[in-house]
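Remarks on the structure that follows.
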Amino acid sequence: MFQKRRLFTLLCLVLCLLFCVPAQAPAANPPDYERAKAQLERLKGEKPGPNSWQACADAFRKVYDDNPTWYLRVAALFRCGVALEEKARVTKSAVDARNAASVYEQAAKKYPSSALADDALYRAAVVYNELLNDQKKARVHLEHIARRYSRADHAKIAAEYRAKMDGKSAAKSQSSGKDDGIRAPAGAGSHMLAAQLGLSVRTVIIDPGHGGKDPGAMHNGVVEKDVNLDVAQRLKTILNKLGYKVYLTRTGNKGISLSERVQFGRRNKGDLFVSIHVNAAENTSISGLETYILDFARSSSASRLAMVENADSGRLGDMDKILTEILTGARTSESRRLAQNIQKSTLSCLKKNGASTRDGGVKGAPFFVLVGSSMPSVLVEVGYCSNKAEAARLKSSKHRQRLAQGLADGIHAYAKSLKGK
């Protein structure tokens with residue numbers, strides 16, 4: 001009986017501790033932070049000189065440095081960036097603007113889970129666009145918000161700001177462009193940059209995927225590297241007859257890294273880059289022709305395909321370069337137009353010859369082989385060797401010739417569109 005009373009007493013004490021002791025309130029903001037915050041608000045209502053803004057930024061930086069355990073430390077860093085941005089708007093100094101952007105980037109990188117992370121990325125994008133005239137970097141930050149902080153309060157604001165940036169870029173391109181004999185085709189919009197392509201398409205880089213010890217996909221008697229090379233050689237012959245200069249990244253069964261393929265295109269000053277591949281899938285019922293441009297993968301299948309094709313891409317450190325390339329709007333727009341021409345013409349050529357195939361569409365994926373050049377670039381998956389019926393066609397010489405003819409028709413149609421024909 002005594003033991004039961006003792007257990008009951010202990011239970012009561014535990015319940016009292018759980019429900020009767022008030023929760024500890026979060027620590028108050030440091031006094032120095034409150035003073036700096038009040039100073040910032042006061043300066044916003046005035047027209048202070050750069051020294052006042054710098055003093056305010058220094059005050060927030062001191063709060064950040066002196067309070068390493070404060071749970072709202074990111075707020076001091078963000079407001080330091082705000083003060084530096086205001087200073088840069090007064091001085092018009094690129095150095096001051098870079099300092100502001102750097103502080104915003106530091107806040108977002110060091111506190112990615114903070115409610116201020118998307119705000120910091122947005123302000124950094126604004127600084128890059130408006131004060132440093134660096135739209136590439138601005139778009140990288142805006143896209144980061146769209147991908148990682150899609151539900152944050154600044155996601156919609158960032159999307160609207162990017163749309164506004166694209167609209168201004170379009171107007172600038174149209175108003176300042178010189179008449180060089182190339183007329184933009186209907187629907188080309190602001191991204192029709194003739195200077196990026198030269199006066200016309202003269203040189204085409206054809207990239208037969210895989211090779212050497214890397215056979216690519218192998219199903220139903222199809223070896224991808226062999227199909228890729230055969231279609232590429234046939235395509236080269238057709239394009240040569242049309243008057244184009246054509247270079248193949250490989251002419252035999254030689255292994256070439258993805259970075260070497262990219263460098264090859266640059267070295268030979270190509271106007272277009274077309275990489276040829278054969279697809280495969282666990283679901284053997286899937287078939288069809290697909291054309292890819294450099295972009296973010298919008299589906300799990302495109303993501304998996306990119307992982308396979310990027311196996312030789314190298315280091316994680318290349319991520320920033322890939323993001324920058326993806327967000328270079330002008331080249332992406334032209335690549336999409338090239339891809340649409342190739343997809344449409346190839347499907348049409350196959351259908352005319354009684355070998356119609358499923359239209360897999362034009363898609364985006366971060367293929368490393370499409371990174372690093374100023375030319376419009378596409379990657380074409382000419383069919384699925386994992387599908388028995390399509391594999392049988394891929395083994396046919398006639399079908400490969402039709403594929404090559406369709407690809408050539410698409411490339412030629414795109415090239416003619418640049419001249420307004």
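What's counted below: heavy atoms across the whole structure, side chains too, no hydrogens, waters or symmetry copies.
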(message) Determine whether the aromatic ring centres of residues His277 and Tyr292 are separated by less than 6.0 angstrom.
(response) no
(message) Counting neighbours of NZ on Lys395 that are heavy atoms of other residues, nucleotides or ligands and sit closer than 6.0 Å, is the number greater than 12?
(response) yes
(message) For Glu160, is the CD atom crowded, meaning more than 12 foreign heavy atoms sit under 6.0 Å from it?
(response) yes
(request) Indicate whether any N or O donor in one side chain lies under 3.5 Å from an N or O acceptor in the other, for Gln343 and Thr291. (result) yes
(message) Is there a side-chain contact between Glu260 and Ser257 in this structure, where contact means two heavy atoms from C-beta onward sitting under 4.5 Å apart?
(response) yes
(message) Testing the basics here: between Arg73 and Pro68, what is the closest heavy-atom pair and its distance to 0.1 Å?
(response) NE-CA, 3.7 Å
(message) Please check: side-chain N/O of Glu224 versus main-chain N/O of Ala217, any donor-acceptor pairing under 3.5 Å?
(response) yes
(request) Look at the side chain of Asp118 and the backbone N and O of Tyr149, then say whether any donor-acceptor pair between them is shorter than 3.5 Å. (result) no
(message) Once rounded to the nearest 0.5 Å, what's the spacing between atom OH of Tyr414 and atom CD1 of Ile342?
(response) 10.0 Å
(message) Is any side-chain heavy atom of Ile276 closer than 4.5 Å to one of Pro208?
(response) no
(request) Could you tell me whether a side-chain N or O of Asn129 sits under 3.5 Å from a main-chain N or O of Gln135, the two making a donor and an acceptor? (result) no
(message) For a quick check under 3.5 Å, do Glu105 and Ser102 share a side-chain donor-acceptor pair by atom type?
(response) no
(request) Apply salt bridge (Lys or Arg N to Asp or Glu O under 4.0 Å) to Arg89 and Glu130, showing your working. (result) CA-CA 9 Å; Arg89 291 185 182 280; Glu130 297 180 6; 3.1 Å; yes
(message) Between Arg400 (side chain only) and Val231 (backbone N and O only), is there a donor and an acceptor less than 3.5 Å apart?
(response) no
(message) If you define the side chain from C-beta out and look only at heavy atoms, does anything of Asp409 sit under 4.5 Å from Lys344?
(response) no
(request) Check whether the side chains of Glu290 and Tyr384 place a donor and an acceptor atom closer than 3.5 Å, and report yes or no. (result) yes
(message) Please give me the minimum heavy-atom distance between Trp70 and Pro30, naming the atom from each residue.
(response) CE2-CD, 3.3 Å
(request) Return yes if a side-chain donor-acceptor contact under 3.5 Å exists between Asp119 and Tyr104, otherwise no. (result) no
(message) Just by distance, no angles: are the side chains of Gln39 and Arg35 close enough, under 3.5 Å, to form a donor-acceptor pair?
(response) no
(request) Ignoring hydrogens and angles, tell me if any N or O in the side chain of Thr249 forms a donor-acceptor pair with the backbone of Arg261 under 3.5 Å. (result) no
(message) Looking at Ala392, is its backbone amide N or carbonyl O close enough to the side chain of Ser396 to form a donor-acceptor pair, meaning the two atoms are under 3.5 Å apart?
(response) no
(request) Answer whether the closest heavy-atom distance between the side chains of Leu229 and Arg250 falls below 4.5 Å. (result) yes
(message) Determine whether Leu289 and Asp359 satisfy the following criterion, side chain to side chain contact (heavy atoms under 4.5 Å, CB included), listing intermediate values before the conclusion.
(response) CA-CA 6 Å; Leu289 178 84; Asp359 181 2; over 6 Å; no
(message) Looking at Glu85 and Arg123, would you say the former's side chain and the latter's main chain have a donor-acceptor pair under 3.5 Å?
(response) no
(message) Could you go through Val227 and Val223, starting from their C-alpha distance and side-chain angles, then the distance that decides it, and tell me whether this counts as side chain to side chain contact (heavy atoms under 4.5 Å, CB included)?
(response) CA-CA 7 Å; Val227 174; Val223 180; over 6 Å; no
(message) Ring centres under 6.0 Å, that's the criterion: do Tyr128 and His141 meet it?
(response) yes
Please output the side-chain donor-acceptor pairs of residues 42-50 that fall under 3.5 Å, not counting sequence neighbours, one pair per line with the distance.
none

(message) Between Arg162 and Glu143, is there a side-chain heavy-atom distance shorter than 4.5 Å?
(response) yes
(message) Is there a salt bridge (Lys or Arg N to Asp or Glu O under 4.0 Å) between Asp230 and Arg234? Walk through the geometry before answering.
(response) CA-CA 6 Å; Asp230 186 53; Arg234 294 171 186 270; 2.9 Å; yes
(request) Kindly indicate whether the side chain of Ile411, heavy atoms from C-beta on, has any atom under 4.5 Å from the side chain of Leu242. (result) no
(request) Search all heavy atoms of Tyr244 against all heavy atoms of Ala415 and return the closest pair with its distance. (result) OH-CB, 3.2 Å
(request) Check whether the side chains of Thr284 and Asn387 place a donor and an acceptor atom closer than 3.5 Å, and report yes or no. (result) no
(message) Measuring only between side-chain heavy atoms, which start at C-beta, is Glu390 closer than 4.5 Å to Asn220?
(response) no
(message) Could you tell me if the side chain of Ile205 sits less than 4.5 Å from the side chain of Asn268, heavy atoms only?
(response) yes
(request) Please identify each residue that fulfils side chain to side chain donor-acceptor pair (under 3.5 Å) with Tyr33, with sequence neighbours left out. (result) Arg79
(request) Spell out, as yes or no, whether a donor-acceptor pair under 3.5 Å connects the side chain of Asn341 to the backbone of Ser345. (result) no
(request) Show the numbers, then the answer: is there a side chain to side chain contact (heavy atoms under 4.5 Å, CB included) between Leu394 and Leu403? (result) CA-CA 9 Å; Leu394 289 170; Leu403 285 169; 4.1 Å; yes
(request) Indicate yes or no for a side-chain donor-acceptor contact from Lys225 to the backbone of Gly212 under 3.5 Å, with no hydrogens or angles considered. (result) yes
(message) Which heavy atom of Ser335 sits nearest to which heavy atom of Val378, and what is that distance?
(response) O-CG1, 3.6 Å
(message) Could you go through Arg337 and Glu334, starting from their C-alpha distance and side-chain angles, then the distance that decides it, and tell me whether this counts as salt bridge (Lys or Arg N to Asp or Glu O under 4.0 Å)?
(response) CA-CA 5 Å; Arg337 290 179 62 246; Glu334 288 306 305; 2.7 Å; yes
(request) Give a yes or no answer on whether the side chain of Asp96 reaches the backbone of Lys92 with a donor-acceptor pair at less than 3.5 Å. (result) no
